[in-house]
Every structure is written in structure tokens, then in C-alpha cells.
Amino acid sequence: MSDNQLIKLRKEKLAKIRELGIDPYPIKSERTHKIDAVLCDKESWIESEEEVVLAGRLVAMRRQGKVGFGNLEDDSGRIQLFVSQNETGEENYELFKLCDSGDFISARGKFFFTNMGEYSLRVKEVVLLSKNMRPLPAVKEKIVDGKNVRYDEFSDIELRYRKRYLDLLLNPDHRKVFETRSKIVSAIRKFMDERGYIEVETPILQPLYGGANARPFITHHNTLDVDLYLRIAVELYLKRLIVGGFERVYEIGKNFRNEGMDRTHNPEFTMLEFYEAYSDLNGMMDMAEAMINHLAKDVLGKDSFHYNGYDVVLTQKFRRAGMHELVEEQLGMDVLNEDESVLRKFLEERKIEIPPGSGKGRLISIIYEEFVEPKLIQPTFVCDFPKEISPLAKAKPDNPLLADRFELVMAGGEFANAFSELNDPMDQRMRLEAQAALRAMGDSEANVVDEDFLEALEYGMPPMGGLGIGIDRLIMLLTENDSIKEVILFPQMKPEN
RNA sequence: GGUCCAGUAACUCAGCGGUAGAGUAUCUGCCUUUUAAGCAGGGAGUCGAUGGUUCGAGUCCAUCCUGGAUCACCA
């Protein structure tokens, strides 16, 4: 039976309901209790003989003659309805017979245990709240040995993402992921607020983009007749705010990067960035560690998370190590003291592409990314990034090749990036100009020179630490999902047709 | 973009050269304590698209579309 035929049948039912003088889409609805409120303390609900009105979606129907059972679900839980013509009267029972799985109804009645021992609402009256016109995909559940076995699950990955509302409706576990996501994001806000940070919102539409290495989306403003960029990071605006006198700011928002999509990349993704005046890299490590430990332990109540094939233990002290130390550990190569030509040869022999204009710093980072990062499973702050690839970070006083920067790596992937922020306007100008040179050599992801930002720096910016965390990836880890699409409600999909 | 896998009824899938199938859903009938309700019956599919091979194509071949995995790219 095609969709159209099924819908036609629903329309016929709708007409019958109207013939009975019933509005299938009434304005008013009544509900005295949410379902979870009546699921606890069942005996006393039964003893009290209190009449309640529950409302929700009818998710299953088992009708047999003049009596029938249905399952009613709201966002708090699910309960069985027992509907008998003796209780409802003939007329109301007629309406019940016209109800389908998928309808929203309310049901008035008292509680009891059925012969099979299931706690149920003995329904006195059914009220139709919203008629379903398109049958929901059939999913059946059965409890075997205490385990919930599901049949004919709505599991087609493409359909789940394209029709997310069905995924959420039919797969309660997936709804749970987004409830957890919301909890985590709230906890992050609270964590920041408690530490004296203020939350700010900075432009998504920017005349120039910056703060990361990425290709932007371009859009157009008609009135101004200018092209604008969707932001790739909030960094440069948050720094302007520190110039403006705020000492601790954070923003949680979408960034947009016009690049490939895969298991860990969506073109728009959520990022937390924060900046703290008079802090530095160590302060940022402490913050990141405390926040992630807190989310794992206090919010989710877990120590260990299975992600990307590994078990990552989050409630611990995170390792802190220099990139060159980690490379030495894995490869026995002293990259800092090795000659640039040796590093280049090492990569060339392994057929690893070297972008044009790469100096020693970038070569080190490529070696690290290729051979070391995938092996860092437990949380590790990888410090001492090459300055060459860190145009917004301060150089280390004791080694001009290195920047005071770290990335937090877990399960072989990057989760956060932080620096002691560069506040020397002259140095910053030179670094951005070096980036512009790379750009001229064809590196479309190199930074652009932002004169307004440089001018702001010239007015003076205090020393500070700054950190960015990819929220989607953090949620992936904390909810143990290996695909970013599982933690984004409406992930980017290719258009159909 | 490369490679591999998949697309058949609303859902989950079988069929892999010879008249399109199953369970669920849906519809009809019976049924006043079911819970993957049951019993009986019915309807339901351009077999992702387009070409080709063949007497004959969901089935073989080619191309394309869509999705997934993986690599590349990319924090």
C-alpha cells in the first residue's frame, strides 16, 4: 500500500470523525499529569482512585472487539491505556476505534493492574487532540529476559538524518543523545559563569574572516552591496573584547568552514572559545582538564568513555608533554635538533605531501600528525607547537621556533586548541603577513591580514590565555558516538535529487 | 575526488537469468485483560535511474543518482 493510499484512508477516517461532530484538531487540550509523574508509586495511585488526564501520542494499539489497549507516550514516559466500551460508553468507544497509532489523544481515568499485571490507565474518556495523517514506520518492541528487543527498527541512516523527527520519535535512545548534549552545554555555561566569565555573542557575518586556518563560506549583503564571510572562528572578536576591558569572555556558537564532510566534520559546527586576561597556557590546561573531568564525573557520572575504538579515561590528570618529546617517544627522532632537510626527506620517503612554503616547524607538525597523534589515546595536552603554524600564539621565550600553544588530544583526535595569546602588535602583523605570503603561494586556508584587529592590538591587550573546544566532538566522546552526524540534530546532507 | 559496499512494499529484509516474496504496518471480518495480541481474508512495489547483453533482466554489463565505510582533503 503506497503512502498515498495510506493517507487517503486516514482522510476517510478524518471525515468520519468530523461526521461524529468531533474536531480532530481542537484548540484546547487538557492534561493533569505527565506520565512519569504517575509511573512512580503505582500502588498509591491505584489506592487513591484519583482520576487523572494524561496526554500524548498513541504509539501502539491492540484492539480486540469492545476492549482495546494502547500505549500513550509523552516526553517523560510511556504508559498503557485500557479502553473498554463499558467504561467509555458506545459513542466514545467509536472515536477510540477511529484512532490510529500516531494520533495525539488525551485519556481520562484511574489506575489499576491488568490481569497480566501491567499498571494501566482504565480509560473513562478519550479525547482526540491531533489526528495523524501519515502512518509512522512500524517499530515493535518486546522484552526478552529483561532486555528490550526491537523489531523492524527505523534504522536507515540516511532516512534517520533526513527525517530526524522520525528518528527521535521512534528511537528514544537517539533522543537521549540530544538531551545529554543539552545537559552538557548547560553544564559548560554554568562552569564558565561560575568562574567569572561572561557569555558574549559576536558577528557571524564578518567582512573579513580569521582566527583559524580554513576556507570560508561567502555571502552577500544586498543593501551594503558587499560580500560577507560566515565566521570560521570567533577568536579575533573575543580578543577585541579583551582589548575593550572585559577580562573573561566566552562564546558558544556555530562556526562555518567550507570544507569536506566526514565522520568528524560538519560544515557548520559548534565551538566554545574563551579568553582570560592574565592567564596563560597553564591556566588554560587547568580549565580544560577541570571542565572535562567535571562533565564526565559530575554531569554524566562516568569515568571511562568508549570512543573511536578506545576507552578513554576522563577523570584523571591529563598528561602534558611537548610535541617533540612525543615524537621522540614514538619515532626516536629528535626533531628539534634534526636538520630540516632530514625531516623533509623522512616525509618524502613516506610519500607524505608537503605543502609549498613549509619550513621546519610545519614539517615537525606533519610528522607529529601523521605518526604520533593517532597513537595518543588517553587525554594528552600536546604542547610546544611550532610557531610557524601558530600565527596567533606567543613564541616561547626559550625557543623562538616554538609557540606557547597546546592541543588536547584524546582517542587519537584533536579536541581543543589553546595559546598564550600573541599581544605584540608588531609581531602579530609580521605573522599575519607571513600567512598572506603563504596564501599567495596557493594556501587557501592561510589567515588573511585583518587591519582592524591589528589596530585593536596596538591599543594594547593584556597577556592572556585562550582556548577553543569543538563541542560536537566533545559530545561525540561523551555520548560515545563515532559520527558527528549522530550528535547534530540536522546534519548537512546532500540535497535530494 | 579514489576505492569498497548498499539501494526491492510504509518499516525491516529475502530473492541474484525464467510469472515480484516474507514478517510487521495497513484494510475487512471475529474477538471484553492484551502487550512483537490472536485467527481468517484482502489490497499494496517503474525492484534507485538510464542505456545495453539476452528469447527472457531486481538478477549480468555500462553510466549516472543517493547513502554508508575508508583513503585523500580538512583541525
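Just so it is clear, the structure is predicted and the values come from calculations on it, not from any experiment. A note on names: the letters A, B, ... follow the listed sequences, proteins ahead of strands, and every chain is numbered from 1.
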Item to check | Criterion salt bridge (Lys or Arg N to Asp or Glu O under 4.0 Å) on A/Asp74 and A/Arg57, from CA distance to verdict | outcome: CA-CA 6 Å; A/Asp74 69 14; A/Arg57 195 192 280 268; over 6 Å; no
Item to check | Nucleotide opposite B/A36 in a Watson-Crick or G-U pair, distances under 3.5 Å | outcome: none
Next on the checklist: For the C1' atoms, the ones on B/U54 and on B/C27, what distance do you get once it is rounded to whole angstrom?
Outcome noted: 41 Å
Next on the checklist: Which is it for B/G58, anti or syn, if anything within 90° of zero counts as syn?
Outcome noted: syn
Checklist entry - Taking NZ from A/Lys97 and C1' from B/U28, how many angstroms apart are they, rounded to a whole number? => result 13 Å
Checklist entry - Touch check for A/Phe112, heavy atoms < 4.0 angstrom, all strands: base, sugar-phosphate only, or nothing? => result base
Checklist outcome for this item: A/Glu353 CD to B/G1 P, in whole Å, measures 18 Å
Next on the checklist: Counting the atoms with a prime plus P, OP1 and OP2 as sugar-phosphate, which does A/Ala214 contact under 4.0 Å by heavy atoms, base, sugar-phosphate, or nothing?
Outcome noted: sugar-phosphate
Checklist entry - Just checking A/Arg122: base, sugar-phosphate only, or nothing, at a heavy-atom cut-off of under 4.0 Å? => result base
Next on the checklist: Considering every strand and a 4.0 Å limit on heavy-atom distances, what is the contact class for A/Leu170: base, sugar-phosphate, or nothing?
Outcome noted: nothing
Checklist entry - Atom CG of A/Asn171 and atom C1' of B/U12: how far apart are they, to the nearest Å? => result 13 Å
Checklist entry - Who are the side chain to side chain contact (heavy atoms under 4.5 Å, CB included) partners of A/Leu168, not counting sequence neighbours? => result A/Arg164, A/Arg175, A/Phe178, A/Leu489
Checklist entry - Rounding to a whole Å, what distance do you find between A/Leu136:CG and B/U26:C1'? => result 13 Å
Checklist entry - Does a donor on one side chain and an acceptor on the other come within less than 3.5 Å for A/Glu251 and A/Thr202? => result yes
Next on the checklist: Taking NZ in A/Lys34 as the centre, count heavy atoms belonging to other residues, nucleotides or ligands within less than 6.0 Å. Is the count above 12?
Outcome noted: yes
Checklist entry - Across the strands shown, which category fits A/Arg263 at heavy-atom distances under 4.0 angstrom: base, sugar-phosphate, nothing? => result sugar-phosphate
Next on the checklist: When you measure only distances, ignoring hydrogens and angles, does the side chain of A/Gln64 come within 3.5 Å of the base of B/U34 through a donor and an acceptor?
Outcome noted: no
Item to check | Which atom of A/Tyr307 lies closest to which atom of A/Ala411, heavy atoms considered | outcome: CD2-CB, 3.6 Å
Item to check | Side-chain donor/acceptor of A/Gln80 to base of B/U34, under 3.5 Å | outcome: yes
